[in-house]
Structures are given as C-alpha cells and as structure tokens.
**Student:** 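Attaching a single structure in structure tokens format; questions to follow.
This is a predicted model, so every value here is computed, not measured. Hydrogens, waters and symmetry mates are skipped; everything else that's a heavy atom, side chains included, is used. In each ligand, atom 1 is the first atom listed, and ligand 1 is the first ligand listed.
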Amino acid sequence: MKPHVRKIFALTASFALVAGLSACGGDDDDDDATPETPPAASIPQGTTLDLAILATTDLHANVLGYDYYKLAEDKSYGVDRTATLIANARKQNANTLLFDNGDTIQGTALSDYQALVSPVQCSGMIAIYKQMKLLSYDAATMGNHEFNYGLPFLSQITNVDFGLAGIGKGTAQTNPAGAKDCAAPEFPFVSANVVSAATKQPIFKPWVVLDRTFKATDASGNAIDVPLKVGVIGFAPPPIMQWDKANLEGHVEVAGWKESAARYVPEMKAAGADLVVALAHGGIDLATAYSPDMENGAGYLSQVPGIDALITGHQHLLFPDTNAKSQFVGQPGIELEKGLINGVPAVQAGQWGNNLGQITLKLAYDQGWQVRKDATQVQRISTRLTAQSGSTPATYVEPDAAVQQLVQAEHAATIDYVKTPIGQSQFDMATYYALAGDVSALQVVNMAQIDYLTDYIAKNSPSYAGLPILSAAAPFKGGRNGPGDFTYVQQGNIAINNAADLYLYPNTLQVVRVSGDIVRQWLEKTAEQFKQIDPAQVAPQDLIDTSFPTFNFDVLYAAGNALQYEIDVTQPKGSRITALTYNGAPLDLTAQFLVVTNNYRASGGGDFPGLAGGKGDIVLQAPDASRDVLISYIKKNPTLDLATYGLDRSWRFKQLGALAGPVVFASVPGTLAMAAAHGVNNVSVYDATPDATTQLSRYALDLSL
Ligand code: MG
Ligand code: MN
C-alpha cells in the first residue's frame, strides 16, 4: 500500500482542477470535482470494483413515446421507457454512472415549442432536462443540435456563462431583474472543443472529475466503500460551424477531437482521474482518415492514450451490434460484437431513447486503479422486448410513470401547438393519383427543398451558385396499406401536424451533385415503378409494379417547372425516359446538377444510380429535418394556391396511339374529381367496387391522351 502517494495525488488534483476551471471561463460553482468528503486514507491492494457506465445519446427531446405529427403514441422511443432501462441497470449493478451524449434538447415539436414558440423562462427548465434531473444524470455533453436554438438559449438552459461578448442567458437578458442564475439540472456539462473565438477557451468546462464512492470487494472478499475519481470529457462535431453558422460564426470556433483530447486528458490525469470517459457526439468512421474537422471522429479517440470508455452517437446507429449488415462491419480496428475499437470499449445507443448503452469496467487496485480490459463488457440494451412478427406488434418495456408525469403540462401544450394553423391551402393535397401524374402533395415539398438549398448556397456556399438545382420528392404514402395509407391534406388550414402527412419520414435534408446522365438514370430508376405495357394486349393490364415501393418514386422538379420528362411504359425498365429537357432544351448529360433529396436516398437507400452504397458526391448533409424545412417554408408562404403550388407537373406518360385494352391502377374510391382538378385528365373509373382486400377501386389510364 502506498497511502502517501495517494494523498499527494489528491492534492495535486485540486490545484490542477481550479486552474482547469478558471481557464474555461465558466461560472459554475457547484463543482462535482470538489470532494465532499475527504478521500479514504488508503485502498487495499487487490481491491476490485465493477463500474457500469450507462449512456444515452441523441434523445432529441423525445421525452415521451409520442409522435406529435401523427398525434399518436409510439412506443418505439421516448425517455419514459429509457428510464425503465436505467432503473433496471441500477438494480443490477451496485456502481453506476449515467451520462448523456448530446443532441438532447432539439428534435420534436415539443422542443420547438419550448425554445421558439413559448420559450421556457430563466426560472423554468426544459422538459428533457427536468427528466434528466429526476433521473440523476452524472454529466452530459453537447451535440450539434444543442446549438440550433442559439447560444443565449443554450447558456440559459444549462445556466453556464459562456464568457462570450454579447451572449447572455436567453430570457434572463430581457428580465428586468437581470437574473444571474437560471434553472438548470444539477449535473455538469462538458465540451472540450467548442471554444470562444476571442479567448480560444472552451465555453463549457472541457472536463470534470467526478468524485464518487463505490462498492468494492477487498482481496479477502469483504465489501468495502472506496473513492473513485472518474474523469469525463466531451466533444461536439466540428461541422457545427457550417450547420449553425448563423448562430456560431464570430462567437465560437471548434478544435479537432484528437487534438483536444491530447491536450486535456493529461490534465485530467494530473487532476487525479482514475479513469477517463469520453462523451463523443460523433459517430464511428474509421474508413475515413482522421482530420480535425471530421464529423464522425469518435473511433479515433480510441487512439488517444488514457481514454478508458467511449460513448459515441450522432449517427443514430447501434454499437455493439450482431447485425452483419451493420455499416461498421469491416472498419479497421473494430470488434463489432464485443463493442471494442482498438481495444477500447465503445457504445452507440441508437436514438430517441430506444437504447441504453452500458460499458461495465472491472477495476482492480494495484498502486492505483487499473482497468482489467479482459473483463470489460459492452452492452446495448433496447427498450424493445420482442420484434413485430406478422400482425403481432412489437413489445416494449413499460414506461416509467414518474418520468411521464413530470412532463404532462409541456406535452399537452405541445399538442395544442401542433394543431395551430401555420398556413392554409386552397386545394386538397393528395397522393391518390401521384403515380398518374398528380403532384399536388409533392410540389410544395420540392419547392421547400429548393428554397432551403438556394438560401443555404447564398449564405454558405457561393461557389455552388452556378449549378442548377433539382429537387426530389416521392409519395411516401402510396396506398400499400389501404385507403388510409395515402397522403391527404384537406383544403383549408394547415397545421404543423399536417406536415407529417406531406412528409412522413423523419429524414434530414441532403444534397448530392450529379451529372445530367445520372439525373437521367435517376429518372429511369423511378420509372421502374411501372410495369411494361403491351399496347396490343386486349385484357386489362396493371400499370403499377407493386414490388417497387412508392417512396422510391422520386418526382424530380426544378423551380419554374424548368425540368420536363416523359415516361414511356411500353419500353422495358431502364429505357423509358424520353423528352428530357431543362429550360426547354435537351438536358445536357455532361452538365453538373445539385439534387436536393434526403439522407435515405443520398446514403444509398433504394440503390439509386450514382448514389448506391453511399458512393454519391454528397455536398450537403443538412442538420435539418426535411419536415422542418417544409414547415418553415409554409410559414414563410402561408397561402398555398393551386396554380403556384400544385400544378407544376414535371413529368407525364409518353402519349401513345390507341391501345387494344385498358391500363388500370388502384386508388381510393370516389376520388376521381380530384385527379381532374389537379390536371390529370386521362383517368376514368374502371371498376368502382372496392377490392375485398385492399378496399381500393380500380381506375383506367388513357395513354393515348
Ligand atoms: Mg448529431
Ligand atoms: Mn442526432
């Protein structure tokens, strides 16, 4: 035993820590780093302890398993169920710490409501922080989305003075009393690589050392309490400077992750940290070479000496994983099933609280705490108990009633908010006839996406200003599950929750740069939606190939309807696109185009030409949800008239001679007038009687018109 060594260590810790804190300009005085009780005089050699490090990531303000767009419960996510996993883990492990890895405060209508619509006051706390306080988190870091609502809001809700000129604590600034302290959860926030542009010092504490007393076992098998100092350091993704340029430029800068870790981990060790946990709001991408501005650098922190556990996130993926299709398969240094990166335990717990990460370290005391790497366990625990099987829905752990109860007022206010009109449409927007040419539910999505990119280029990327912009929107709801499975937003007020009908999936906006030839091939791919029609066949022919999902039927569009194309369904798949023009001239197959799409398509979803396998030239991975882009656009253009927003058909079927027999497709009974109103004039009722299974009527399409 070397008690003296231990004591000197503790003293060094206090001094180094004071220096560390004053250096980061924080005013936070409830230092977890200051020991509340004197450290034990000594720890017997051979003592062992198991520490379960629990972690959430990318909660995105999903305080409850509830979809505010659909106004319906969704048990597949929500902190109310994660809380049950946390409680279980605490029952099963004598020693636990609980961390959050960022992208915490933004992502639902509830978070928008609390930040933008009815901003939470200095004296109040955002709903997810209320829950995290109740759940006794030990520390948290910043993701990229923490910066979406601006620095004053973030300063207020975390009650951290950033030391930035002109940046005060949100609502406290307008409070005549000029409140110095705002309500915030009691755990510390750490972020090492977001620094003041003026002083280059981190705006949050870069790290903390948590002093904890844990249950251990001495060499003779006796239970003893021992002190342990756990260092916690955080990292935000460097591309925040692009994604939140308007909020951040001039105020803060970012530093590289490995560089920041190399600077601070030795400080943490000098401050007495027995082990170091990195809260890294970035993903694992060891196929890309490290760079200080990389987005997903978490895997590279495994190369920094002294980091004992890696909490990763941002990708909304799962690590460890047994899925052979995991995108982590084959990355250098990764042991996917064990949850190791270059031997360092790492976890990524999905998103929205659907998983809890757990890294269990076995520590042995031998003149200082040693991590027994061979005994480390990494788990990723899902709230889902059983998967959906046929018509039997998936089952999930029960929610935590107290965590649910805590946010009921905010929940109710949000439901009122999403029902509030944001604009109005003078026409019905529907996908009933989207596969026959009706764009009434797609055009506004395309216009919103083009508007977003145009604005983004003007503000951030003027070098792209010369490239033509196309936009892709598909009928996500195309009737696969019956008459209710179409988009239908009735003429009249549009509320925020209607945006989910127009944009079903929680995608984010992405932009790819492609050649004109790829544009043509992209359209050929979408034209696989249709069966090949034989003009000489007398018997009825089905138009739609139902094995091709309608969410892959991208309708490409350019502002002013400048892109035009025809689909010849008599031709085999792959050679159906004709009369492809841009600005009235044949589309130049060698020219470059920007296409606004979503993360699904850009990363290879649907295996589209030029994009398959994520091999496309993605020039923008926007931090914004496509649905939020649509909502913002409607707020900016609150009166949607049919001529401006619903009649720009970029495509039609190639006009054929008279066919020998009918070409038919299914849609909702009694809706034919809508097709005509939306400029689709070649449809008639073929058989009005709803099909016994699908409940859809059959309509005929006249391809000679
Ligand atoms: Mg993120
Ligand atoms: Mn996220």
**Student:** State yes or no: are the ring centers of His60 and His316 separated by less than 6.0 Å?
**Tutor:**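 Ring centres of His316 and His60 closer than 6.0 Å.
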
**Student:** Flag the pair Lys169 and Asp161 as a salt bridge only when some basic side-chain nitrogen lies within less than 4.0 angstrom of an acidic carboxylate oxygen.
**Tutor:**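 Here Lys169 does not pair with Asp161 in a salt bridge, since their nearest N and O are not under 4.0 Å apart.
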
**Student:** In terms of relative ring orientation, are Tyr456 and Tyr452 parallel, tilted or perpendicular, with 30° and 60° separating the classes?
**Tutor:**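 Tyr456 vs Tyr452 ring planes: parallel.
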
**Student:** Which pairs count as salt bridge (Lys or Arg N to Asp or Glu O under 4.0 Å) when at least one residue sits in residues 98-117, sequence neighbours excluded?
**Tutor:**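 Of all non-adjacent pairs touching residues 98-117, none passes salt bridge (Lys or Arg N to Asp or Glu O under 4.0 Å).
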
**Student:** Just grab all the salt bridge (Lys or Arg N to Asp or Glu O under 4.0 Å) pairs involving residues 313-338, residues at least two apart or on different chains.
**Tutor:**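 Output for this query lists Asp321-Arg380, Glu335-Lys338.
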
**Student:** Between Tyr66 and His411, is the gap from one ring center to the other below 6.0 Å?
**Tutor:**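 Between His411 and Tyr66, which both carry aromatic rings, the centre distance is below 6.0 Å.
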
**Student:** Using a distance threshold of 2.8 Å, what protein N/O/S atoms lie below it relative to the Mn ion (ligand 2)?
**Tutor:**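 Sorted hits: Asp58 OD1, His60 NE2, Asp103 OD2, His316 NE2.
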
**Student:** Taking the six-membered ring where the residue is Trp, are the ring centres of Phe189 and Phe187 under 6.0 Å apart?
**Tutor:**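 Yes, ring centres under 6.0 Å apart.
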
**Student:** Quick check on the 6.0 Å ring-centre criterion: do Phe476 and Tyr505 meet it?
**Tutor:**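 Centroid distance Phe476-Tyr505: below 6.0 Å, so yes.
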
**Student:** At distances under 2.8 Å, what protein N, O or S atoms surround the Mg ion (ligand 1)?
**Tutor:**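 Protein N, O or S atoms closer than 2.8 Å to the Mg ion (ligand 1): Asp103 OD2, Asn144 OD1, His281 NE2, His314 ND1.
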
**Student:** Determine the sole option in Val194, Leu154, Val252 for which the side chain to side chain contact (heavy atoms under 4.5 Å, CB included) test with Phe162 is passed.
**Tutor:**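 Exactly one candidate clears the test, Leu154.
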
